[in-house]
Amino acid sequence: MEAYRDPSLPIEERLDDLMSRMTLEEKISQLDMRFGNQYCTKCDPNHRCSVAPDSDYDWDRFRAEFGDRSVGYIHDNYSVPSLMNRLQRWFVEETRLGIPCIFTAEALHGVCGTRGTILPIPTSWASTFDPELARRAGEVIAAETRSLGLHEILAPNLDVARDPRWGRTEETFGEDTYLSSRMAAAVISGEQKGDISRPDAVIAEPKHYCVHGIPENGVNCSPARVGVREVESCYLPVFEAGICEAGAFDVMVSYNCIDSDLMMTSSHYLRDVLKDRLGLKGICRSDWGGLRRVHYLHRLAENEKEAIYLAKKNGLDCQGGDEYPHNVWLSNLCELVREGRISEENIDDSCRRVLRLKFMLGLFEHPYTDEERWKEVVLCGKHRDTALELAEKAMILLKNDGTLPLRPEKYRSIALIGPSSNDQRLGGYSSVPVGRKLDSVYDVLKRELGDRVEIRQCDGCGISGDEAHPFGLSDQQHLQITGERVIENNIEEAVSIASDCDLIIFVGGDDQISSGEGRDRCRLTLCGRQRELLLRLGALGKPLVFVLENGKPLDISAESEVSNAILETWFGGERGAEAIVDTLLGRNNPAGRLPFSLPRNSGMIPCYYSMLPGSSNEYYEGDGSALYPFGFGLSYTSFEYSGLLLEKTGPAGVRVTLTVKNTGVTAGDEVVQIYVEDCESTVVTPPLLLKAFSRISLSPGESKTLSFDLDQKAFRLMNAGYEWVVEPGKFRICAAASSRDIRLEGTVTL
């Protein structure tokens, strides 16, 4: 037996043996990714990137392209394990060295394709302020993905999103570095489980390294005009948490440049920071089509060969999807090595990284997936219950004059209006629920109240409608939406129905055409004629509840004035409608908190709580502060904070202790937030920064005492010499219900 096939040997010894047997061409092939659906004989008609279970593959094309070589990765091959095994068998049995392939998937909030449980979007996870629940979301994703024969996911999205015009905002954990870091560490831990050889674990590939959430003009892939101190303080810490703390193996490199340094070719960010400082153990690969942009868009190279040279020389390991054809990638890298411009050591390092992952996954011993187990894992009751719990805990009550929770006995009839009242919105990168219907708010409300209250439903207007434009990245097959249901504008009918009812519930917001990748916006008002319709409903003088199903912060200033209650639900996944109705009826006491600040107007962007001081925050048109601030959320009960105690635990450590009491008559959750202000610093710092939080459950009259240990990271800054230091002086520490609702505060001198 060859040493690399011997499972009793250490991985590094097996690696050495395998590498010694490989040709240069075989090594370079390991650094490539191909699309399974481009080689199959029958695609799944329900999902562009899926392969029908009864499909075969064009084996002649495989032999023509790869000869007797294996390949590193296969993407867009969503199907059943029996088909995955058929393709894997070719790599294991028909190539010279029998190196298995890694099957890669999109699994942002559930594995893509047509089979996975659809969880709420990651923004919802952040809204729970519950990292343990985010970890469980990662466990669901990993278990279902791996059971289907897929080993690696291109997620999570660790961008700190501070421009809500950006369509991909919905994929992120919000505007705050600390909250995003806690969620990043939690979900990656749930996905990788500390052992990627497990049958319920996958490799996580965080993206988009490393400043992608503040694109210029809010347009995807645009430059980030940001300095070193902000990169190090605000954006890199999230990737540091994902890689150094949770152990993420891989990283997807963003399209854009930071201060004109292109990420795909940046020796500083790929080598000095990512590999040397953060110690990335796996690979970094280009985002879809990003490597080609080095040549045709960024103009750093005169041709494809020079683009490949710049990226590979400076630390990129693998090309991602929609890049150069395999023969172009292979031939150019071979030429560059033979010319001495790229060292074979460079190729070897990247190849070892890929092969090490294959050994760690256990693919050399167990290349094939159990062909029946997925039927017990995918869409199991436990996973669907997690989807519901996530959706319920993410519910954010923005406004309430007492209309909520609803008391059905008060109403003879309810008008359920809006383009999402009879459609459950799922968000981008969702699987397609083939063979099953997802409940809408109308379905659930009618089921719950239909015998007691008349429910009259009308869409009233559409969302994207005539405003839908082609994707900015329309060449990417996974972004080509098959289409939202066409909704005719029928405002007059909706108003007529509402005028005859006792209560109005409007459900609207976004769809997959107004929010998501390539769906950037220059206005943040509700799309279509939703605002017009909602204002007409508000003028009727009836109680009006506004339910938002959306992907990113919206300007709801006008809607807020006419609504009696507002419930922010984001894209709530396959059980989102149940969570909404449970919350409307009081069975779920909302305790989600905003992971974003909601601006009063699109012209007030940027609008995040930790902006540097210096602005008056006043415009000619009025107040420029957030309409609803970061960390905000109401409850059906009330909470009292008391007994703040600050104890120094070292030269740069503080223990914060306080007591929280439920002073209402309803059980509920409170999210206690700890903010720190550096009162006397040598560089300008934000007025407040979140440094700790805890979500707690309290019965009526119950109290809990909480303690938070703040270490030097809570007080440090990057000084004028670009060094991390804790400067001696006074620090203000606040216990708060939101970034604008400080309940207790004190100071310490360090």
Side-chain angles (χ1 to χ4, degrees), residues 12 15 19 27-28 30-33 72 158-159 203-212 223-224 226-287 290-295 298 300-301 305-320 323 329 332-333 336-337 339-357 718 722-724:
E12 294 306 312
L15 255 176
M19 290 289 294
K27 294 173 183 177
I28 293 172
Q30 289 297 309
L31 312 182
D32 198 7
M33 173 186 281
L158 302 191
D159 300 320
I203 295 172
E205 182 177 280
K207 57 188 181 185
H208 306 86
Y209 181 79
C210 65
V211 186
H212 200 47
V226 60
V228 172
R229 184 173 290 104
E230 189 171 350
V231 173
E232 294 282 351
S233 302
C234 302
Y235 302 99
L236 269 176
V238 187
F239 285 91
E240 182 179 3
I243 297 167
C244 301
E245 186 176 340
F249 285 99
D250 297 349
V251 158
M252 182 184 290
V253 181
S254 69
Y255 294 102
N256 66 340
C257 61
I258 300 174
D259 191 25
S260 297
D261 189 3
L262 184 64
M263 288 295 95
M264 298 283 174
T265 62
S266 173
S267 177
H268 171 70
Y269 285 106
L270 298 184
R271 290 197 184 280
D272 300 345
V273 177
L274 184 59
K275 293 181 176 177
D276 294 344
R277 191 208 304 177
L278 301 185
L280 184 76
K281 295 181 177 64
I283 58 117
C284 60
R285 65 157 55 94
S286 57
D287 201 346
L291 185 54
R292 291 187 291 111
R293 291 167 172 242
V294 175
H295 164 220
H298 296 290
L300 299 187
K305 180 179 178 180
E306 294 305 306
I308 293 171
Y309 165 71
L310 282 177
K312 196 72 195 73
K313 173 178 76 86
N314 288 312
L316 192 75
D317 293 304
C318 301
Q319 70 166 347
E323 298 283 12
W329 175 251
N332 278 291
L333 276 174
L336 288 166
V337 171
E339 292 167 359
R341 299 178 66 198
I342 295 289
S343 68
E344 191 156 358
E345 289 76 16
N346 178 306
I347 302 296
D348 285 353
D349 176 68
S350 296
C351 183
R352 288 182 72 93
R353 289 172 179 270
V354 173
L355 295 176
R356 185 179 291 113
L357 293 174
M718 182 166 276
Y722 296 96
E723 301 167 311
W724 283 111

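Residue numbers count from 1 along this sequence. Below, all heavy atoms of this structure are taken into account, side chains as well, without hydrogens, waters or symmetry copies.
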Sequence neighbours excluded, the answer for side-chain hydrogen bond (donor to acceptor under 3.5 Å, both in side chains) partners of K305 is E335, E339

Gap separating the CD1 atom of I258 from the OH atom of Y269, nearest 0.5 angstrom:
4.5 Å

Measure the CG-SG distance between L262 and C257 for me, rounded to the nearest 0.5 Å.
6.5 Å

Work out which heavy atom in S254 is nearest to a heavy atom in M263; give both atom names and the distance.
OG-CG, 3.3 Å

Quick one: list whatever passes salt bridge (charged side-chain N to carboxylate O under 4.0 Å, His left out) with D259, sequence neighbours left out.
none

Under the 3.5 angstrom rule, does the side chain of Q319 hit a backbone N or O of M33 as a donor-acceptor pair?
no

Rounded to the nearest 0.5 Å, how far apart are CG of L333 and CG of L31?
7.5 Å

Among all residues two or more places apart in sequence or in another chain, which pass the side chain to side chain contact (heavy atoms under 4.5 Å, CB included) test with D276?
D272

Would one find more than 12 heavy atoms of other residues, nucleotides or ligands at under 6.0 Å from atom NZ of K275?
yes

Drop me the distance from L316's CG to L291's CG, to the nearest 0.5 angstrom.
6.5 Å

Smallest separation among heavy atoms of M19 and C351, with atom names:
SD-SG, 3.7 Å

How would you list, by chain and number, every residue that makes a side chain to side chain contact (heavy atoms under 4.5 Å, CB included) with A307, sequence neighbours excluded?
V294, H295, A301, Y324

The salt bridge (charged side-chain N to carboxylate O under 4.0 Å, His left out) partners of E12 (sequence neighbours excluded) come to R352, R356

Side chains of W329 and E323: does their closest heavy-atom pair fall under 4.5 Å?
no

Taking atom CG of L355 and atom OG of S350, what is their separation to the nearest 0.5 Å?
11.0 Å

Who passes side chain to side chain contact (heavy atoms under 4.5 Å, CB included) against C234, sequence neighbours left out?
R162, T177, E230

Which residues satisfy the salt bridge (charged side-chain N to carboxylate O under 4.0 Å, His left out) test with E205, sequence neighbours excluded?
R285

Atom pair CG/CG of L280 and D317 - distance to nearest 0.5 Å:
7.5 Å

Going by side chain to side chain contact (heavy atoms under 4.5 Å, CB included), name the residues that satisfy it together with R277, two or more places apart in sequence or in a different chain.
E232, L236, V273

R229 meets the side-chain hydrogen bond (donor to acceptor under 3.5 Å, both in side chains) criterion, sequence neighbours left out, with none

Who pairs with R353 by side-chain hydrogen bond (donor to acceptor under 3.5 Å, both in side chains), at least two apart in sequence or on another chain?
D349

Aromatic plane relationship, H212 with Y255 - under 30° parallel, 30 to 60° tilted, over 60° perpendicular:
tilted

Closest non-hydrogen contact found for C210 with Y235 is O-CB, 3.6 Å

For N346, give me all partners under side-chain hydrogen bond (donor to acceptor under 3.5 Å, both in side chains), at least two apart in sequence or on another chain.
K312

Expected list for residues 241-253: side-chain donor-acceptor pairs under 3.5 angstrom, two or more places apart:
{"unit_1": "E245", "atom_1": "OE1", "unit_2": "R182", "atom_2": "NH2", "d": "2.9"}
{"unit_1": "E245", "atom_1": "OE2", "unit_2": "R182", "atom_2": "NH1", "d": "2.9"}
{"unit_1": "D250", "atom_1": "OD1", "unit_2": "I283", "atom_2": "N", "d": "3.0"}

Validation row: R292, S286 side chains within 4.5 angstrom (heavy atoms):
no

Looking at every non-hydrogen atom in both residues, tell me the closest pair between G315 and L270 and how far apart they are.
C-CD1, 3.9 Å

Are the side chain of N256 and the backbone N or O of V211 linked by a donor-acceptor pair below 3.5 Å?
yes

